[in-house]
Amino acid sequence: ATIAAAIRRAAAGEPLLSPADTVALLHQAARYQTLTGMTRRALDQLTPRELDVLRELAAGHDNQTISDRLSLSITTVRTHVTQVLRKLGVTSRLQAALLAVRHGVVDLDLT
């Protein structure tokens, strides 16, 4: 019944959202756009090596594996991880990995 009523309202040219709901939705979209822009700028601040480390984090690798795969000392990996987290404004490797995936820094090949 609700769907049918919405279809009738849309067909009659009536809005489906109230003005208050429309304003709330626009505020939410603006907030999301601002956060996305801030995250994009933070990602752009990462050095090429920090991006390599971020990609390895997103792949779920620990510091030792990252060290081996990138031919870096474990201390250097720790430093890069710390810098990535700081620059992205996150507190965990998981949060950094999620940002990387959401913003296309890494592509999760799930096949």
Arg55 CZ to His61 NE2 distance, which is reported to the nearest 0.5 Å: 14.0 Å
Point-to-point distance, once rounded to the nearest 0.5 Å, from CG of Leu43 to CZ of Arg102: 12.0 Å
Side-chain donor-acceptor pair present, Asp68, Thr65, cut-off under 3.5 Å: no
Arg41 and Asp44: CA distance, side-chain angles, deciding distance, salt bridge (charged side-chain N to carboxylate O under 4.0 Å, His left out) verdict: CA-CA 5 Å; Arg41 284 189 297 281; Asp44 289 344; over 6 Å; no
Atom pair CG/OG1 of Asn63 and Thr76 - distance to nearest 0.5 Å: 11.0 Å
Minimum-distance pair of heavy atoms, taken over all atoms of Ser67 and Ser73: OG-C, 3.8 Å
Shortest non-hydrogen separation from Pro15 to Arg9 and the atoms involved: O-NE, 3.9 Å
Shortest non-hydrogen separation from Leu54 to Ala97 and the atoms involved: CD1-N, 4.4 Å
Among Leu57, Asp62, Leu72, the one residue meeting side chain to side chain contact (heavy atoms under 4.5 Å, CB included) with Val77: Leu72
Closest non-hydrogen atom pair, Gln45 against Glu50: O-OE1, 4.2 Å
Gap between atom CD of Gln83 and atom CZ of Arg49 - 0.5 Å precision: 15.0 Å
Smallest separation among heavy atoms of Ser92 and Leu85, with atom names: O-CD2, 3.3 Å
Rounded distance (nearest 0.5 Å) linking atom OG1 of Thr47 with atom NE2 of His80: 6.0 Å
Single-linkage hydrophobic cluster Val101~Leu51, side-chain heavy atoms < 4.5 angstrom: yes
Non-hydrogen side-chain atoms of Gln95 and Leu99 separated by less than 4.5 Å: no
For the student: nearest non-hydrogen atoms of Val106 and Ala58, plus distance: CG2-CB, 3.6 Å
